[in-house]
Amino acid sequence: MAAVRTRFAPSPTGYLHIGGAWTAFFNWLFARHHGGVFILRIEDTDRSRSTQAYEAAIFEDFRWLGLGWQEGPDVGGPVGPYRQTERQDLYARFARELADRGAAYPCYCTADELDAERRRAERERRPHRYSGRCRDLTAAQRAAFEAAGRRPSLRLRVTDLAEPIVVDDLIRGRVVFEPEHLDDYIIVRSDGTPLYNFANVVDDHLMDITHVIRASEHLSNTPKQWVMYRALGWAPPAFAHLPVILGADRKKLSKRHGDTAVREYREQGYLPEALLNFFALMAWHPESEREVYALEELVREFRLEEVGRASPIFDLDKLTWLNGVYMRRLMGQAPGRVVDLCVGILQREGLLPADPGPEARAYLARVVEVVGERLKTGRDIIAYGDFFFRDVEYDPAAAAVHLTPASAPLLAAYADALADLEPFERGTIEAALRGVCARAGAEARALIHPARVALTGKTAGPGLFELTEVLGRERAVDRLRRAAAFAAGAVVP
RNA sequence: GGCCCCAUCGUCUAGGGGACCAGGACGCGGCCCUCUCAAGGCCGAAACGGGGGUUCGAAUCCCCCUGGGGCCA
């Protein structure tokens with residue numbers, strides 16, 4: 001068998017979608033597993049919606065994911081160009097060839113005429129297919145239409161097909177389409193632009209794609225394309241139709257389900273390796289009962305035939321859990337990357353300047369060291385550690401419980417104890433707190449919880465003593481005194 | 001409406017005739033650990049959509065129904 005060549009062909013009309021990235025990943029995995037080539041092709045024929053910015057964004061998101069391509073618009077390759085707008089002459093050439101052979105014919109029907117046909121079919125409650133009234137126009141009739149100023153579209157002649165179309169899908173098995181449901185479909189619009197089912201076939205063939213792995217929303221396009229391959233005299237590639245990822249309501253994953261762009265997950269501080277690991281667990285699962293896999297393992301074990309046919313529902317909870325697993329691992333192996341992750345998040349939140357100096361970075365590193373273990377996503381740095389970067393704001397419920405007149409004297413005494421504590425580090429801080437409580441005849445917890453609220457504003461977060469050390473003496477003492485006053489009943493801004 | 005696809009715990013899945021009174025994971029509940037939270041440990045609730053076949057035996061094979069989805073209109 002020839003070397004495996006797969007492709008992913010996004011339209012640059014938006015950011016890389018989760019579903020697209022997942023599909024691309026399976027293409028990538030399959031190619032890698034077989035030592036083949038993964039190609040990126042840009043389907044930008046819809047010029048009104050395609051933009052260069054989106055194209056660049058898609059490249060960027062793929063790079064972030066770590067999915068490289070061997071051929072594509074930016075890196076070139078032997079069967080380029082890899083942008084459909086740059087391949088117009090190719091489509092024109094094959095359209096002409098089809099027309100010359102009579103395998104395709106010009107259709108002069110107007111949109112209104114076709115609408116009328118469709119409505120009539122609906123009224124008579126039969127499925128609509130193109131009537132074929134332009135199939136056998138004489139040269140004179142065509143000339144008359146042309147003279148009347150009508151610009152023809154080009155239709156593929158398929159209605160004389162007799163036998164069923166049988167597609168042996170690598171995932172779905174044998175799928176049979178009866179020919180009577182097909183009609184002569186348009187392959188080139190009257191303005192000369194090629195349609196999906198035409199351009200796609202031309203590209204896949206010319207790019208020598210061996211396996212078309214795509215979402216099953218394209219399954220119903222397959223017979224049309226199948227006919228196209230035949231008309232062009234080409235051997236079709238192998239097809240594999242992946243299920244469609246659904247949202248919690250079991251409808252195709254879309255904006256209204258929340259974040260659907262890879263970029264949005266990136267911005268929230270998800271890790272690419274976690275996302276890929278998560279992708280591998282949708283509609284497929286490696287052999288062992290683990291959930292966490294290195295990329296190389298996935299490449300080694302991936303088998304297209306094992307991919308499930310049922311549509312998975314995007315499970316954000318599981319993704320987040322998996323991301324937490326990777327975050328914790330990173331804390332042990334490369335805490336710097338967690339710091340990098342948090343820098344972007346904090347900047348977007350306005351808690352860190354655009355260009356943090358080495359001092360700010362060092363501080364952030366200490367913060368991460370203290371909160372890192374509980375970060376499931378980068379964004380959690382806000383939930384768990386915002387107080388490291390801005391003034392505390394008491395959570396009303398937490399203040400009501402812990403900043404009471406009873407805790408005021410303890411907070412004040414603790415502030416005094418910390419004011420001249422030397423050295424100021426977690427061990428001595430803890431001893432100071434316990435000393436204050438012992439002298440007051442109170443339990444440690446009677447001060448620990450109020451102190452936490454005083455310093456962080458919340459009831460949950462990193463260890464109190466570590467956090468206090470990172471916060472530093474000045475801010476800690478200041479916040480404790482303010483909380484003591486607040487607790488005593490004074491209104492403190 | 002037409003065509004096509006799909007169907008195991010709430011979710012992701014293992015299972016491809018006896019190894020299954022169905023395994024793992026997320027989530028959920030309880031307990032432990034503990035300065036809180038997270039993590040971790042232990043325990044628990046939780047599924048083969050229904051009906052017919054085939055077979056000595058079906059989650060696993062076939063048919064029908066039901067339900068869900070995708071595409072086209």
Side-chain angles (χ1 to χ4, degrees), chain A residues 19 114-115 117-119 121-130 165 167 169 171-173 175-183 185 196-197 215-224 241-253 278-292 305-325 327-329 331 371-376 380 383-385 398 401-402 426 429-430 433-434 437 443-453 455-456 458-468:
Chain A
L114 293 172
D115 271 354
E117 269 192 15
R118 189 173 306 123
R119 276 195 300 275
E122 255 166 53
R123 228 178 301 119
E124 294 165 12
R125 307 186 60 193
R126 55 181 169 80
H128 171 255
R129 298 166 71 209
Y130 172 60
I165 295 158
V167 179
D169 190 283
I171 292 173
R172 294 194 180 250
V175 185
V176 178
F177 302 90
E178 297 302 328
E180 59 262 32
H181 302 301
L182 286 175
D183 64 358
Y185 66 94
Y196 172 78
N197 285 317
S216 55
E217 49 199 62
H218 292 293
L219 189 53
S220 35
N221 284 320
T222 311
K224 290 183 178 187
H241 286 91
L242 265 23
V244 177
I245 299 179
L246 308 179
D249 60 356
R250 299 186 174 278
K251 300 270 193 257
K252 195 161 97 169
L253 190 66
F278 175 71
F279 281 165
L281 267 23
M282 275 195 291
W284 184 63
H285 201 286
E287 257 194 76
S288 72
E289 283 197 330
R290 285 178 293 136
E291 308 293 315
V292 183
E305 307 75 51
E306 291 173 353
V307 172
R309 296 178 297 270
S311 295
I313 291 171
F314 185 79
D315 186 355
L316 183 60
D317 281 338
K318 187 149 184 176
L319 201 213
T320 303
W321 166 77
L322 201 49
N323 203 71
V325 171
M327 289 287 273
R328 265 170 263 129
R329 180 179 291 186
M331 281 303 295
V371 292
E373 288 289 323
R374 58 211 86 202
L375 301 180
K376 285 191 176 147
D380 286 345
Y384 286 117
V401 175
H402 298 293
R426 52 200 73 176
I429 292 167
E430 176 165 6
L433 180 137
R434 293 193 188 278
C437 290
E443 289 210 72
R445 54 194 317 127
L447 177 51
I448 285 176
H449 296 298
R452 170 180 300 286
V453 177
L455 298 178
T456 73
K458 333 171 197 291
T459 54
L464 180 64
F465 312 115
E466 295 93 305
L467 140 200
T468 306

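The sequence lines fix the lettering, A, B, ..., with proteins before strands; numbering per chain opens at 1.
- Straight-line distance between the C1' atoms of B/U8 and B/C33: roughly 36 Å, to the nearest whole Å.
- Taking atom CE of residue A/Met327 and atom C1' of nucleotide B/G40, one finds them 18 Å apart after rounding to whole Å.
- Shown here, B/U36 forms no base pair; nothing in the strands shown gives a Watson-Crick or G-U wobble contact with both key distances under 3.5 Å.
- Remark: A/Glu124 CD is packed, more than 12 non-hydrogen atoms of other residues, nucleotides or ligands lying under 6.0 Å away.
- The separation between A/Asn221 atom CG and B/C71 atom C1' is 7 Å, rounded to whole Å.
- Look at CD on A/Glu124: it is 15 Å from C1' on B/A73, rounded to the nearest Å.
- A 6.0 Å sphere centred on CZ of A/Arg126 holds more than 12 heavy atoms belonging to other residues, nucleotides or ligands.
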Exercise for review: Walk me through it: do A/Leu182 and A/Ile165 pass the test side chain to side chain contact (heavy atoms under 4.5 Å, CB included)?
Suggested key: CA-CA 10 Å; A/Leu182 286 175; A/Ile165 295 158; 3.4 Å; yes

List every contact pair, protein side and nucleotides 67-69 of chain B side both N or O, where the distance is under 3.5 Å.
| residue | atom | partner | partner atom | Å |
| --- | --- | --- | --- | --- |
| B/G69 | OP1 | A/Lys251 | NZ | 2.2 |

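- In this structure, B/A46 makes no Watson-Crick or G-U wobble pair, since no nucleotide meets both defining distances under 3.5 angstrom.
- Few gaps surround CD on A/Glu306; more than 12 heavy atoms of other groups in view lie less than 6.0 Å from it.
- Of the listed nucleotides (B/C12, B/G70, B/G2), B/G2 has the atom at the smallest distance from the side chain of A/His181.
- The separation between A/Arg309 atom CZ and B/C4 atom C1' is 14 Å, rounded to whole Å.
- The gap from the P atom of B/A7 to that of B/G24 amounts to 23 Å, rounded to the nearest Å.
- For the P atoms, the distance linking B/C9 with B/A14 amounts to 13 Å, nearest Å.
- B/U36 and B/A25 are spaced 27 Å apart, taking the P atom of each and rounding to whole Å.
- Of the side-chain N and O atoms in A/Arg172, none sit less than 4.0 angstrom from OP1 or OP2 of B/C5.
- The nearest whole Å value for the distance from the CG atom in A/Leu182 to the C1' atom in B/C71 is 13 Å.
- Taking atom C1' on both B/C20 and B/G15, the two are 9 Å apart, rounded to the nearest angstrom.
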Revision key, fill the gap. 5' to 3', nucleotides 23-39 of chain B under a 4.0 Å protein heavy-atom cut-off (B base, S sugar-phosphate only, - none) gives BBBSS-------BBBSS

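- With a 3.5 Å ceiling on both atom-pair distances, B/U54 lacks any Watson-Crick or G-U wobble partner.
- Below 30°, between 30° and 60°, or above 60°: for A/Tyr196 and A/His218 the angle between ring planes is below 30°, a parallel geometry.
- Rounded to a whole angstrom, the distance from the C1' atom of B/G2 to that of B/G16 is 34 Å.
- RNA chain B is contacted by both A/Pro286 and A/Ser216; A/Pro286 maps to the nucleotide lying nearer its 5′ end (nearest heavy atom per residue).
- The two residues A/His285 and A/Ser288 come nearest to each other via the heavy atoms CE1-O, 3.3 Å.
- From A/Leu375, atom CG reaches atom CZ of A/Arg328 across 10.0 Å, with rounding to the nearest 0.5 Å.
- Distance CD (A/Glu217) to P (B/C6): 16 Å, rounded to an integer number of Å.
- For the pair A/Lys224 and A/Tyr185, the distance from NZ or CZ to the six-membered ring centre is under 6.0 Å and the angle to the ring normal is within 45 degrees.
- Taking a cutoff of 4.0 Å between a charged side-chain nitrogen and a carboxylate oxygen, A/Arg129 and A/Glu117 do not qualify as a salt bridge.
- A salt bridge between A/Arg434 and A/Glu430 is present, with a side-chain N of the basic residue lying under 4.0 Å from a carboxylate O of the acidic one.
- Spacing of P atoms, B/C72 relative to B/C64, comes out at 27 Å, to the nearest Å.
- In this structure, A/Lys224 atom NZ and B/C3 atom C1' are separated by 11 Å, rounded to whole Å.
- In the set B/C5, B/C71, B/U11, the nucleotide with an atom closest to the side chain of A/Ser220 is B/C71.
- A distance of about 15 Å separates the C1' atoms of B/A46 and B/U13, rounded to the whole Å.
- Partner assigned to B/A25 is B/U11, using Watson-Crick or G-U wobble distances below 3.5 angstrom.
- Atom CD of A/Glu178 and atom P of B/C3 are 10 Å apart (whole Å).
- Nucleotide B/G2 has B/C71 as its partner under the Watson-Crick or G-U criteria, with both atom distances under 3.5 Å.
- Here the straight-line distance linking atom CD1 of A/Ile171 with atom CG of A/Leu242 works out to 4.5 Å at 0.5 Å rounding.
- Contacts of A/Ala444 with the nucleic acid, taken as non-hydrogen atoms under 4.0 Å apart, are absent.
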